[in-house]
Amino acid sequence: MIMDMENKKLSRAFFERPTLEVARDLLGKTLVFGRHSGIITETEAYIGENDPACHAARGRTKRTETMYAKAGTVYIYLIYGMYHCLNIVTEAKDFPAAVLIRGLRMEGQHLDGPGKLCKALGLTRQHNGLDAITSGDICILDTPTTHGHITTPRIGIRQGTDLHWRFVLQDTSGNSSPRKKAGPVSASALATRKASRSS
DNA sequence: GCAACGATAGGG
DNA sequence: CCTATCGTTGCT
């Protein structure tokens, strides 16, 4: 049982890839934290100091330091004074990028929203900096998916709304939230990302 | 030191 | 639309 989980843990190499690919590929994977586990249904990418919506857009600060850590590091921050948001750091060390985990399908409930998700799992800023690759507390398992996905602009930001860097697992049970508006396919997002990195 | 504001959620 | 609630940031 425990050994099974070890074999299925996503490796650091998975998170070292381009953030848009990681955000897309995390859909359908299983987040495990303590006794909690659930299927990731919604993610967002935040990529580098040139992404105006990224916390690192104004450079390295005490808070954003975690975004510059090695891929697979857990980045958790407090938002609006009352909610926490869970992210997994991606790409190379010292390149600030991460994937925000916004939705989780668990047995008996669908956690829709990053603040809700952290509250239900008990994730707080005390877990900031944990390594999801080597930590015994938190990891992501490589579970298979047959579902497709859509992309949309990211939620709750004022800048960078032209970038469709939100990824939503296609809901086959037909009870998706009205907030999950349809958007262009991921190919355009991947192209946009290439352009923004090459500058 | 201080004040504006936010990768939210829930309620009217 | 409104606001609860507080750490981070940037400015004075």
Is Gly115(A) touching bases, backbone alone, or none of the nucleic acid, heavy atoms closer than 4.0 Å?
sugar-phosphate

No-hydrogen, no-angle side-chain donor-acceptor test under 3.5 Å, Thr66(A) and Asn128(A)
yes

What is the distance from CD1 of Ile88(A) to C1' of dA7(B), rounded to the nearest Å?
15 Å

Could you pull out the closest heavy-atom pair between Ala45(A) and Leu20(A), with the gap in Å?
CB-CD2, 3.7 Å

Let me know which of Thr41(A), Ile101(A), Leu121(A) forms a side-chain contact (heavy atoms from CB on, under 4.5 Å) with Leu111(A).
Leu121(A)

Between the base of dA7(B) and the side chain of Tyr77(A), is one N or O donor paired with an acceptor at under 3.5 angstrom?
yes

Side chain of Arg158(A) - closest among dG6(B), dT8(B), dT9(C):
dG6(B)

Taking atom types as modelled and ignoring hydrogens, do the side chains of Thr143(A) and Thr30(A) form a donor-acceptor contact shorter than 3.5 angstrom?
yes

Using a cut-off of 4.0 Å on non-hydrogen atoms, how would the nucleic acid contact of Ile157(A) be classed: base, sugar-phosphate, or nothing?
sugar-phosphate

As an exercise, state the distance from SG of Cys118(A) to CD1 of Ile79(A), rounded to the nearest 0.5 Å.
11.5 Å

Reckon Tyr80(A) has a side-chain N or O less than 4.0 Å from the OP1 or OP2 of dT8(B)?
yes

Between Arg125(A) and Met82(A), which residue's closest nucleotide on DNA chain C lies nearer the 5′ terminus?
Met82(A)

Please confirm whether the shortest side-chain N or O distance from Lys116(A) to OP1 or OP2 of dG10(B) is below 4.0 Å.
yes

Please step through ring pair (Phe, Tyr, Trp, His ring centres under 6.0 Å) for the pair Tyr77(A) and His55(A), ending with a clear verdict.
CA-CA 10 Å; Tyr77(A) 61 89; His55(A) 283 170; 4.5 Å; yes

Picking from dA4(C), dT8(B), dG7(C), which would you name as closest to the side chain of Leu78(A)?
dG7(C)

Write down the distance between CG (Leu100(A)) and P (dA7(B)), rounded to a whole number of angstrom.
10 Å

Determine: side-chain N/O of His55(A) to OP1/OP2 of dA7(B), distance under 4.0 Å, yes or no.
yes

Got a second to check how far Leu78(A)'s CG is from Arg63(A)'s CZ, nearest 0.5 Å?
9.5 Å

Over how many whole Å does the gap from Met67(A) atom CE to dT8(C) atom P extend?
15 Å

Can you tell me how far P of dA7(B) sits from CZ of Arg166(A), to the nearest Å?
15 Å

Residue pair Lys29(A) / Leu141(A), side-chain heavy-atom distance below 4.5 Å
no

Touch class at under 4.0 angstrom, heavy-atom based, for Arg63(A) against every strand present
sugar-phosphate

Got a list of protein N/O to nucleotides 10-12 of chain C N/O distances below 3.5 Å?
unit_1: dG10(C); atom_1: OP1; unit_2: Arg58(A); atom_2: NE; d: 2.8

Send over the distance from Lys119(A) NZ to dA9(B) P, rounded to a whole Å.
11 Å

Tyr83(A) OH to dT5(C) C1', straight-line distance once rounded to whole Å:
10 Å

Could you check how far CG of Asn87(A) sits from C1' of dT8(B), rounded to whole Å?
14 Å

Any chance you could measure Leu169(A), atom CG, to His147(A), atom NE2, to the nearest 0.5 Å?
5.5 Å

If you compare every side-chain N and O of Arg102(A) against the phosphate oxygens of dT8(B) (OP1, OP2), does one of them come in below 4.0 Å?
yes

Where each pair must be Watson-Crick or G-U wobble with both distances under 3.5 Å, what dot-bracket representation of DNA chain B is obtained, with crossing pairs in [ ] and other-strand partners as |?
||||||.||||.

Rounding to an integer number of Å, can you tell me how far Gln159(A) CD sits from dC5(B) P?
13 Å

Think Arg154(A) forms a cation-pi with Tyr46(A), using NZ or CZ under 6.0 Å from the six-ring centre and within 45 degrees of its axis?
yes

